[in-house]
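First comes the structure, then the notes that go with it.
Computed from a prediction, not measured in an experiment: that's the story for all the values here. Chain letters run A, B, ... following the sequence lines, proteins first and then strands; every chain starts at 1.
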Number of protein chains: 2
Amino acid sequence: MLEDVTLTFGQYDLVLNAFSLVIAAFLGTFIYLIGMREQVAKPFRPALLVSAIVLAIAGYHYLRIYGSWEAAFVIDGDTATPSGEPFNNAYRYVDWFLTVPLLVLETIAVLGLAKATKSSLLRKLVPAAALMIALGYPGEITSDNGVRMIWGTLSTIPFLYMLYVLWTELGAALQTQSAVVRTKMRNLRLLLIGTWGVYPIAFLLPVFASEASAGLLVGREVGYALADVLAKALFGILIAGIAIQKTEELGLGSDIDLTEGRRETSNA
Amino acid sequence: MLEDVTLTFGQYDLVLNAFSLVIAAFLGTFIYLIGMREQVAKPFRPALLVSAIVLAIAGYHYLRIYGSWEAAFVIDGDTATPSGEPFNNAYRYVDWFLTVPLLVLETIAVLGLAKATKSSLLRKLVPAAALMIALGYPGEITSDNGVRMIWGTLSTIPFLYMLYVLWTELGAALQTQSAVVRTKMRNLRLLLIGTWGVYPIAFLLPVFASEASAGLLVGREVGYALADVLAKALFGILIAGIAIQKTEELGLGSDIDLTEGRRETSNA
């Protein structure tokens with residue numbers, strides 16, 4: 001197991017601090033998204049709400065991950081040796097199982113698409129997202145690299161399908177959006193690909209690393225932490241940006257309220 | 001007792017992760033229901049609030065159940081042996097005693113029925129729900145299978161009475177609803193029957209199992225966890241779906257806001 005290595009206290013502490021950073025970033029973004037709902041037009045508020053839910057669920061899991069990391073090591077001077085209680089990686093999978101379909105949902109919800117287009121996209125993307133995570137889990141918990149590769153490959157199939165739908169069907173739906181929204185959505189999609197790319201790399205680490213090492217474990221955990229900040233907190237902020245832009249395009253933005261105070265009542 | 005068995009660490013961990021999944025799912029659904037209240041017309045908001053309360057109460061109990069499971073076993077390498085502190089099943093009964101009457105209440109509240117019809121349904125269903133749980137408890141804590149069967153049978157009487165009221169009196173009240181709402185309510189009723197069916201099966205496990213086993217204990221706890229996610233979180237999401245549908249039927253939906261921003265004040 002990758003977790004059965006002795007760390008220096010500095011390595012142990014770096015990971016703990018990275019987890020703590022994630023918790024703080026998620027808390028802040030959660031409050032931002034909850035609070036910004038009233039600044040955007042009603043049809044876009046559920047997207048911000050779902051994004052806030054993602055951060056709440058992921059924040060809960062990072063609190064558990066933080067506690068599990070603490071319990072997994074015994075500190076003695078400058079070394080952190082495994083305590084015998086394994087670091088619980090399953091929290092990540094339970095988290096992704098719930099949050100990845102929700103990330104897809106918020107991406108579609110913020111666009112204010114026609115009901116039929118929205119339903120069609122969600123019916124394809126949400127089950128594929130859940131399937132992708134569920135197929136990854138058996139590969140993660142095995143110590144057999146062959147088994148890991150099989151489940152990893154199976155998990156890639158729904159992932160590629162999602163990319164296909166995001167680039168073809170969502171691409172077509174984006175044609176009805178303004179140029180600014182189209183650009184923001186393209187950035188969002190690139191962020192999604194960029195950060196989701198971290199997860200398969202971490203998944204495959206045990207296959208390519210000939211033996212467990214402290215550097216590998218610390219690298220994986222810090223890598224996951226940074227990827228999660230980008231894929232969930234930054235992602236949520238970009239979703240809010242799209243909702244603000246679309247609100248302004250509808251003439252319901254708060255900028256208008258500044259110059260024409262009376263309009264404010266109509267979108268309170 | 002079913003709990004007095006030695007588990008593998010994997011079995012122990014599976015149950016702990018299932019409890020954690022429930023906590024995360026309840027947290028997410030709680031935020032969803034609280035946040036979605038402003039997206040539905042005022043008469044349907046109390047139903048979403050009651051549904052959120054169910055998730056808060058049940059989430060609190062799952063935090064206790066999680067802690068009780070941790071305290072009930074001592075981990076040593078790959079085995080989890082009973083610590084001597086019994087796993088506290090009573091948390092479930094306290095939870096159901098509070099949440100099951102509330103689940104019935106939210107089901108009726110979301111329909112926006114005439115006051116007399118609503119009162120009549122609640123006067124029958126809410127006490128029956130509380131009685132059903134209260135009669136089950138003495139059967140759960142006994143180690144005598146005969147006593148268990150007697151209380152189980154007594155508990156079934158209010159349960160059957162509830163089914164009768166839900167199919168006859170509620171069925172009649174549904175005739176005033178739109179076709180879409182009627183379909184959604186039928187799905188809700190089926191979910192209720194389907195998930196509530198899990199509880200008597202778990203209740204009767206000690207009667208039919210000749211001896212306690214790890215598989216039985218793990219199966220019961222994971223089964224309860226999944227049934228609770230369906231019966232409380234999915235149930236709440238379906239309740240919100242009915243409220244959104246009924247809001248749209250009243251011409252107060254957020255879709256209208258997109259094209260006629262000024263309508264928004266009427267349901268802010």
### Summary
In terms of heavy-atom contacts, A/K42 and B/Q39 come closest through O-NE2, 3.3 Å

#### Entry: Contact listing (chain B partner; residues 92-107 of chain A; heavy atom under 4.5 Å)
A/V94, A/L98

### Task
List in chain and number order the residues that pass side chain to side chain contact (heavy atoms under 4.5 Å, CB included) with A/L135, two or more places apart in sequence or in another chain; answer none if no residue qualifies.
A/L131, A/W151, A/L154, A/S155, A/P158

### Task
Tabulate, in ascending numerical order, the residues of residues 18-37 of chain B having at least one heavy atom closer than 4.5 Å to a heavy atom of chain A, or enter 'none'.
B/S20, B/L21, B/I23, B/A24, B/A25, B/L27, B/G28, B/I31, B/Y32, B/G35, B/M36

### Query
For B/D76, is it the side chain, the backbone, both or neither that has a heavy atom under 4.5 Å from a heavy atom of chain A?
neither

### Task
For chain A, find its close neighbours in residues 61-72 of chain B: heavy-atom separation under 4.5 Å, sorted by number, or none.
B/L63, B/Y66

